[in-house]
*Asks:* 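If you scroll down you'll find the structure; I have some questions about it.
One-based numbering, in listed order, for ligands and for the atoms of each. In this text, all values refer to a predicted model and were calculated from it rather than measured experimentally.
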Amino acid sequence: MKGLCILGATGSIGVSTLDVAARHADLYNVVALTANNNIDLLYEQCLIHQPEYVVVVDENKALAFAEKLKNSPISAIKVLSGAKSLEFVATLENVDSVMAAIVGAAGLLPSLAAAKAGKIILLANKEALVMSGDIFMQAVAESGAQLLPIDSEHNAIFQCMPAGYKSGMHAKQARRILLTASGGPFREMPLDQLVNVTPDQAVAHPNWDMGRKISVDSATMMNKGLEMIEACILFAMTPDQIQVVIHPQSIIHSMVDYVDGTVLAQMGNPDMRVPIAYSMAWPERFDSGVEPLNIFDVRRMDFEEPNLERFPCLRLAYEAINKGGIIPTVLNAANEIAVEAFLNEQVRFTDIPVIIERCMEQFEAKAASTLEIILAADQQARLVSKQIITELTH
Ligand code: NAD
Ligand code: MG
């Protein structure tokens, strides 16, 4: 029996993880669930999974949640609040596996705490890795933690790596990674119409059902930019070894090109329960609840090179990793602020890359050698981005 902690249980990945865990209650015991503020969903999840701990980050919501538990059949659950409690539950003695599924920079400290504590980390929170790549991988290596990627592309690449492969290793025989992308909802929209797209249009992804932030990132292709950086870190590759490939059907989830000319691809229906189940069962496999792939329904698969004029965020991500140091952190923070402003209808869709680029211009590529430097760059980039938004909108 493995103890499971889910950071971000109420999100899209969290919900899929609990679905898989419920299918394997003989193997997984849910020890802790965390949420930012969605206590209604959290309560439903607690009724089913009966964790020992929950964390509700928002203090008032945590009080309301504790109130709700009183006189309920699940009153024994311990309720904690505050961001520090995320680190506490991620490092509990009886937790073996931590699903890191908080969105954005907020996931960095608890994910890193799990890495330092030597847990099996199921990493969905790509932003944490983009910010702290070297420090994160060092923590994993030093503690003997096992890092298994949940992002469907990185999970696919991991599955296509040689036997015995561990995250962070450089597989010499693998010469290139082909990182697939759906191209999002605006792949074919005339360029002059992008300025008018609404948040609702941007979050309506053609193939995947995801949280709002990552859905906007998919529409701008910043998601692929973050994933390209994530792939460089996880697989010890250089940016020029990673080719982004637009594959609108999302059946192939990425490929590894070997020195002998072999290209290995991982395929499946686009449902995050596949990579989640793979990582939960690793090194075995078990049922994910996902329908078998009907190859005859797929019929055809298309592949295109991404157009950097349509997707300037992808160009900015390459720029950020090539500059290195704190610049990927700045890219990520500026993107989080710009996407939030877009979702709040303060800025236009096409302003997102403008905000990020202007923000990046204001930073030197100082080495990301300590967590303090990274967190300070994150905070600074958020302030600068808000300033840029004020200038743009007045
Ligand atoms: P989501 O918005 O659906 O859920 C986010 C979760 O994080 C929620 O449980 C929320 O309560 C929690 N959260 C948000 N802000 C928080 C904060 N400040 N402090 C603590 N908790 C907070 O997001 P999602 O789509 O599930 O994505 C989660 C992560 O997984 C992201 O990093 C995303 O890039 C990655 N990911 C998601 C998918 C997908 O299909 N959804 C695929 C690949 C990678
Ligand atoms: Mg992905």
*Asks:* Report the nearest protein non-hydrogen atom to atom 43 (C) of ligand 1: residue, atom name, distance rounded to 0.1 Å.
*Replies:* D151 OD1, 3.2 Å
*Asks:* Looking only at protein heavy atoms, which one is nearest to atom 9 (O) of ligand 1, and what is the separation?
*Replies:* T10 OG1, 2.8 Å
*Asks:* Just which atoms of ligand 1 are under 4.0 Å from any heavy atom in A35?
*Replies:* 11 (O)
*Asks:* Identify, for atom 16 (C) of ligand 1, the protein heavy atom at the shortest distance, and state residue, atom and that distance.
*Replies:* N36 CG, 3.5 Å
*Asks:* Answer with yes or no whether K213 contacts ligand 1, where contact means a heavy atom under 4.0 Å from a ligand atom.
*Replies:* no
*Asks:* Under a 4.0 Å threshold between the charged nitrogen and the carboxylate oxygen, would R300 count as salt-bridged to D302?
*Replies:* yes
*Asks:* Run the numbers on E127 and N335 for side chain to side chain donor-acceptor pair (under 3.5 Å), then give the verdict.
*Replies:* CA-CA 10 Å; E127 298 92 343; N335 181 56; over 6 Å; no
*Asks:* Mind listing the closest non-hydrogen atom pair of R273 and G289 along with its distance?
*Replies:* NH2-O, 3.5 Å
*Asks:* For the pair E304 and R187, evaluate salt bridge (charged side-chain N to carboxylate O under 4.0 Å, His left out) and give the outcome as yes or no after the intermediate values.
*Replies:* CA-CA 11 Å; E304 301 164 11; R187 184 173 56 90; 3.0 Å; yes
*Asks:* Which of the numbered atoms in ligand 1 are below 4.0 angstrom from a heavy atom of G8?
*Replies:* 6 (C), 7 (O), 9 (O)
*Asks:* Mind checking whether M272 contacts ligand 1 via backbone (N, CA, C, O), side chain (CB onward), both or neither, at a 4.0 Å heavy-atom cut-off?
*Replies:* side chain
*Asks:* If you measure from each non-hydrogen atom of V57 to ligand 1, which part falls under 4.0 Å: side chain, backbone, both or neither?
*Replies:* side chain
*Asks:* What protein heavy atom lies closest to atom 14 (C) of ligand 1? Include the residue and the distance to one decimal.
*Replies:* V103 CG1, 3.8 Å
*Asks:* Can A101 be said to touch ligand 1, with heavy atoms closer than 4.0 Å?
*Replies:* yes
*Asks:* For atom 33 (C) of ligand 1, what is the nearest protein heavy atom, given as residue, atom name and distance?
*Replies:* I214 CD1, 3.9 Å
*Asks:* For N38, is the nearest heavy atom under 4.0 Å from an atom of ligand 1?
*Replies:* no
*Asks:* I need the nearest protein heavy-atom contact for atom 34 (O) of ligand 1: residue, atom name and distance, please.
*Replies:* K126 CE, 3.1 Å
*Asks:* So, does H394 use its side chain to make a donor-acceptor pair with the main chain of T390 at under 3.5 Å?
*Replies:* yes
*Asks:* Among protein heavy atoms, which sits nearest to atom 18 (N) of ligand 1, and what does the distance come to when rounded to 0.1 Å?
*Replies:* A106 CB, 3.3 Å
*Asks:* When you measure from the side chain of E336 to the backbone of A105, do you find a donor-acceptor pair of N or O atoms at a distance under 3.5 Å?
*Replies:* yes
*Asks:* With nothing but distance in play, are any N or O atoms of L86 less than 3.5 Å from an N or O of ligand 1?
*Replies:* no
*Asks:* Determine whether R358 and E361 satisfy the following criterion, salt bridge (charged side-chain N to carboxylate O under 4.0 Å, His left out), listing intermediate values before the conclusion.
*Replies:* CA-CA 5 Å; R358 289 195 194 163; E361 281 163 9; over 6 Å; no
*Asks:* How large, to 10°, is the angle at the Mg ion (ligand 2) when you draw lines to OE2 on E227 and to OE1 on E153?
*Replies:* 100°
*Asks:* Judged by atom type as modelled, is there a donor-acceptor pair below 3.5 Å linking the side chain of S182 to the main-chain atoms of P248?
*Replies:* no
*Asks:* Is R315 paired with E357 through a side-chain N to carboxylate O contact shorter than 4.0 Å?
*Replies:* yes
*Asks:* Can you name the atoms of ligand 1, numbered from 1 with element, that are less than 4.0 Å from a heavy atom of A124?
*Replies:* 30 (O), 32 (O), 35 (C), 36 (N), 44 (C)
*Asks:* At their closest point, which heavy atom of D217 faces which heavy atom of K213, and how far apart are they?
*Replies:* OD2-NZ, 2.7 Å
*Asks:* Look at atom 21 (N) of ligand 1 and find which of I102, T34, D58 reaches it with the closest heavy atom.
*Replies:* I102
*Asks:* Side chain to side chain donor-acceptor pair (under 3.5 Å) for K126 and N223? Distances and angles first, verdict last.
*Replies:* CA-CA 9 Å; K126 65 194 86 185; N223 184 49; 2.6 Å; yes
*Asks:* Which of the numbered atoms in ligand 1 are under 4.0 angstrom from any heavy atom belonging to N125?
*Replies:* 32 (O)
*Asks:* If you have a sec, work out which protein heavy atom is nearest atom 27 (O) of ligand 1 and how many Å separate them, to one decimal?
*Replies:* I13 CG1, 4.2 Å
*Asks:* Could you check which N/O/S atom of D151 is closest to the Mg ion (ligand 2)?
*Replies:* OD1
*Asks:* Please report whether the ring centroid of F235 lies less than 6.0 Å from that of H170.
*Replies:* no
*Asks:* When you look at D257 and R176, which way does the salt bridge (charged side-chain N to carboxylate O under 4.0 Å, His left out) test go after all the steps?
*Replies:* CA-CA 5 Å; D257 175 14; R176 238 171 20 133; 3.2 Å; yes
